[in-house]
Amino acid sequence: MEQKYSDLINKAVSASENSYSPYSGFRVGAALLAKNGTIYTGCNIENSSYSLTICAERTAFFKAISEDCTEFEAIAVVGSSDGDFSAPCIPCGACLQVMTEFCSPDFTIILSDGAHKFSEFLPNQFNKEKLLKG
Ligand code: THU
């Protein structure tokens with residue numbers, strides 16, 4: 001894997017150490033690379049009211065956007081229940097929809113099996129253009 005991407009994977013693994021996941025025991029970390037070179041990390045944060053859980057990817061995106069950073073190049077995502085991050089952790093549908101708002105179809109999603117294009121995971125998007133066209 002390209003050096004830039006393996007660095008992002010390492011940052012995602014580090015971010016997973018802060019995962020608050022007492023209910024699932026599944027620790028997820030994300031590292032989001034902005035076009036200006038800044039990296040925003042995130043982890044999953046669960047809640048006793050389960051549906052209020054937020055995924056690692058959305059934590060990273062919301063941190064970035066709340067700091068006025070809205071242009072992104074790539075995100076690395078890892079997840080594991082036992083410390084072995086070798087199986088790819090595919091972003092959930094809710095996270096893919098959040099990505100739709102800020103990322104082009106060629107945005108890169110880096111998983112443990114390599115780099116993917118966003119469009120592989122969500123080829124048909126409900127986005128703001130469709131909303132504006134009615
Ligand atoms: N999770 C993420 O953080 N990202 C994903 O893309 C998939 C799922 C979290 C949510 C929950 O805390 C745990 O993994 C189990 O679903």
Side-chain angles (χ1 to χ4, degrees):
M1 195 186 292
E2 208 180 308
Q3 179 71 38
K4 180 166 76 167
Y5 292 162
S6 53
D7 288 349
L8 268 189
I9 286 275
N10 290 338
K11 286 201 166 56
V13 171
S14 297
S16 76
E17 286 164 18
N18 293 332
S19 165
Y20 178 76
S21 43
Y23 306 107
S24 71
F26 192 70
R27 306 176 80 83
V28 185
L32 175 62
L33 174 64
K35 285 193 175 161
N36 67 10
T38 307
I39 294 171
Y40 296 88
T41 59
C43 61
N44 56 332
I45 305 168
E46 299 186 346
N47 192 278
S48 54
S49 180
Y50 296 165
S51 63
L52 297 182
T53 292
I54 186 163
C55 293
E57 300 91 317
R58 278 177 287 151
T59 302
F61 269 95
F62 294 158
K63 280 171 70 178
I65 294 152
S66 69
E67 293 184 20
D68 197 27
C69 177
T70 56
E71 295 191 345
F72 305 107
E73 180 179 331
I75 190 169
V77 187
V78 298
S80 173
S81 51
D82 62 4
D84 175 0
F85 292 100
S86 57
C89 179
I90 294 167
C92 80
C95 290
L96 293 172
Q97 183 60 30
V98 167
M99 288 176 201
T100 297
E101 193 69 26
F102 299 98
C103 302
S104 64
D106 68 346
F107 174 70
T108 302
I109 298 179
I110 304 148
L111 305 180
S112 55
D113 63 349
H116 302 262
K117 290 287 166 216
F118 177 33
S119 55
E120 275 180 56
F121 297 110
L122 198 63
N124 295 307
Q125 303 176 340
F126 181 77
N127 56 25
K128 50 181 172 278
E129 283 75 35
K130 293 186 179 92
L131 193 62
L132 294 173
K133 277 181 199 149

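Read the numbers this way: they start at 1 and go in the same order the structure lists the ligands and their atoms.
- Closest approach of Ser112 and Met1 over heavy atoms only: O-CE, 4.3 Å.
- Formation of a donor-acceptor pair under 3.5 Å by the Asn44 side chain with backbone atoms of Ser21 is not found in this model.
- Between His116 and Phe121, the angle of the ring planes lies from 30° to 60°, which puts this pair in the tilted group.
- The local environment of CG in Asn124 is sparse, with at most 12 non-hydrogen atoms from other residues, nucleotides or ligands closer than 6.0 Å.
- Checked by atom type and distance alone, the side chain of Lys35 never pairs as donor or acceptor with a backbone atom of Glu73 at under 3.5 Å.
- The 4.0 Å heavy-atom shell around ligand 1 contains residues Ser24, Phe26, Val28, Asn44, Glu46, Thr53, Cys55, Ala56, Glu57, Ile90, Pro91, Cys92, ordered by chain and number.
- Between the Asn127 side chain and the Lys130 main chain, a donor and an acceptor come within less than 3.5 Å of each other.
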